[in-house]
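Report on the structure given below.
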There are 2 protein chains.
Amino acid sequence: MSKTRPSTEAPAKPARSRRVAGRAASAKTLEPRAPASRAERSAERRQAIIEAALDEFIARGFAATRLDDIARRAGVAKGTIYLHFKDKESMFEELVRTVIVPLVGRIHAPPQPGGTVRDAVEGVARMFIQEIASTRRGDIVRLIVAEGPRFPAIADFYYREVVSKGLAGMRALIELGIARGEIKEKGLARFPQIVVAPALIAVIWQSLFNKHAPLDAVEMLRVHLDLIFGERRTA
Amino acid sequence: MSKTRPSTEAPAKPARSRRVAGRAASAKTLEPRAPASRAERSAERRQAIIEAALDEFIARGFAATRLDDIARRAGVAKGTIYLHFKDKESMFEELVRTVIVPLVGRIHAPPQPGGTVRDAVEGVARMFIQEIASTRRGDIVRLIVAEGPRFPAIADFYYREVVSKGLAGMRALIELGIARGEIKEKGLARFPQIVVAPALIAVIWQSLFNKHAPLDAVEMLRVHLDLIFGERRTA
DNA sequence: TGACAATGACTGACCAGTCAGTCATATAAC
DNA sequence: GTTATATGACTGACTGGTCAGTCATTGTCA
């Protein structure tokens, strides 16, 4: 197999000619082609670049991704990228940050006062599958695993913002579960990773082996919760 | 005829202490560049290239690794690489295969007739930590996760040779454990991944987050086994 | 000596990053 | 309201460097 050819599969916006630019469609609700203000259009561009870059980085990894492809996919000239990002490397870092941050907000499971701990953990698991495993964010997780060692800044950030916070939250839940007698295995509080592990496996499986053997992530997580909390009553 | 080679008056074999055992005894009496037969020397070269390439690929990933670096590290000219491998891509694939194959042999845990299932699984876990998590093979696993999507051939191979076999073996153990009453959670037989997940997490953690928060993999796996088999008797 | 192995300078493709120039928009002046 | 000027977002051809892969030459073994 020779070098992977440029990705033309994407709806690469035809380089819109300058004369028409003023009428370029914008995503405004009513006006299909309202000429947004400079700031607005600039923000739109930046967003388009981020989306495109994400696709390319996920598909090819950092080193093999060409800025020309990102530019084409974003419907933008290559130079424009450098108006928004310092260079390829910091673009990658900033990119991951940008996409991860909103994900962090959803991490801390709100432990409803009334419910059981199992309900809370189940909620986290459901959220994880819906929001991460079955979306592009799952690929981001894989991307971090893949490029982390070469981007210590990203690995650090990810540990600080996601891993440590997520595990801390999970540990709190586990301790509550132990206190309430829902969880028998006390050692779990020291290794919340065990509770999370199958979810991560699901993400990796998804992008590597799913075509060989589809994995029912929901069912797997259910079994895992049964393992931790004991068989669920409703069978 | 002075050697034009810059700094390598003898085929520099820098960091290659791995399999010198056989030659170690005679290393003092014989010239380092022992007059081995052509075939032997060729095989040695090939092995050196594989070792070097592995180091580089692990450190940099596929795309960012330079063949010049591999050649230098292997104490070999770049052209020599092409006497042994078709191109960079097939070198990478063949490489992973070469390193994985001996690993596969160790996968099928020998279920000792006398012991408990827990003993058997513990043996697998111990083997995993010794042979994979704490060696360079762990990095290979990460490498596969990282580059898998861009090297379907490798992902396929890995699934066929390692994942499916490993999971099948684990499933057999689980079913035995269920039959013997050692394992309560029957659903585990459908998702052997759950049993293996923490081990994989340990590998990933190792290369990404260990400097932030060292993870005691042995202890974590023990807790996980407690979770599956119930508290161990000896406490 | 003949056959084969090894070398490393070389080539050509490829690509990150640059920058002089363009033009739509914003602002000021009339 | 209309025209003139200023701004800066955007462009894409270009540069300089890098690197996979080649091959004529050199070295080595049988």
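Computed from a prediction, not measured in an experiment: that's the story for all the values here. Residue numbering restarts at 1 for every chain, and letters A, B, ... go by the order of the sequence lines.
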Choosing from [options], which nucleotide comes nearest the side chain of [X]?
X: A:Asp87; options: C:dT7, C:dA16, C:dG17; answer: C:dG17
X: A:Thr80; options: D:dT11, D:dA20, C:dC15; answer: D:dT11
X: A:Leu83; options: D:dA9, D:dA20, C:dT7; answer: D:dA9
X: A:Val76; options: C:dT7, D:dT11, D:dG21; answer: D:dT11
X: B:Lys78; options: D:dG12, C:dA9, C:dA16; answer: C:dA9

**Request:** Quick one: pull up CZ in B:Phe209 and CG in A:Asp156 and give me the separation to the nearest 0.5 Å.
**Result:** 9.5 Å
**Prompt:** If you measure from CE on B:Met170 to CZ on B:Phe191, what distance do you get to the nearest 0.5 Å?
**Reply:** 16.0 Å
**Request:** Assign the ring pair A:Trp205 / B:Tyr159 to parallel, tilted or perpendicular, where the plane angle (0 to 90°) is split at 30° and 60°.
**Result:** perpendicular
d([atom1], [X]; [atom2], [N]) in whole Å:
X: B:Phe85; N: C:dA6; atom1: CZ; atom2: P; result: 13 Å
X: B:Leu67; N: C:dA13; atom1: CG; atom2: C1'; result: 15 Å
X: B:Arg46; N: C:dA6; atom1: CZ; atom2: P; result: 12 Å
X: B:Ile70; N: D:dC19; atom1: CD1; atom2: C1'; result: 12 Å
X: B:Asp68; N: C:dA9; atom1: CG; atom2: P; result: 11 Å
X: B:Tyr82; N: C:dC10; atom1: OH; atom2: P; result: 18 Å
X: A:Arg41; N: C:dA24; atom1: CZ; atom2: C1'; result: 9 Å
X: B:Lys86; N: D:dT22; atom1: NZ; atom2: C1'; result: 15 Å

Quick one: is [N] close enough that its OP1 or OP2 comes under 4.0 Å of any side-chain N or O from [X]?
X: A:Ser42; N: D:dA9; answer: no
X: B:Arg45; N: C:dA6; answer: yes
X: B:Lys88; N: D:dA20; answer: yes
X: A:His84; N: D:dC10; answer: yes

**Message:** Restricting to ring pair (Phe, Tyr, Trp, His ring centres under 6.0 Å), what partner residues turn up for B:Phe62, sequence neighbours left out?
**Reply:** B:Phe57, B:Phe92, B:Phe151
Under the 3.5 angstrom rule, does the side chain of [X] hit a backbone N or O of [Y] as a donor-acceptor pair?
X: A:Thr80; Y: A:Val76; value: no
X: A:Ser134; Y: A:Gln130; value: yes
X: A:Thr65; Y: A:Arg60; value: no

**Message:** At 10 degrees resolution, what angle do the end axes of the helix from C:dT1-D:dA30 to C:dC30-D:dG1 form when each is taken over five base pairs?
**Reply:** 10°
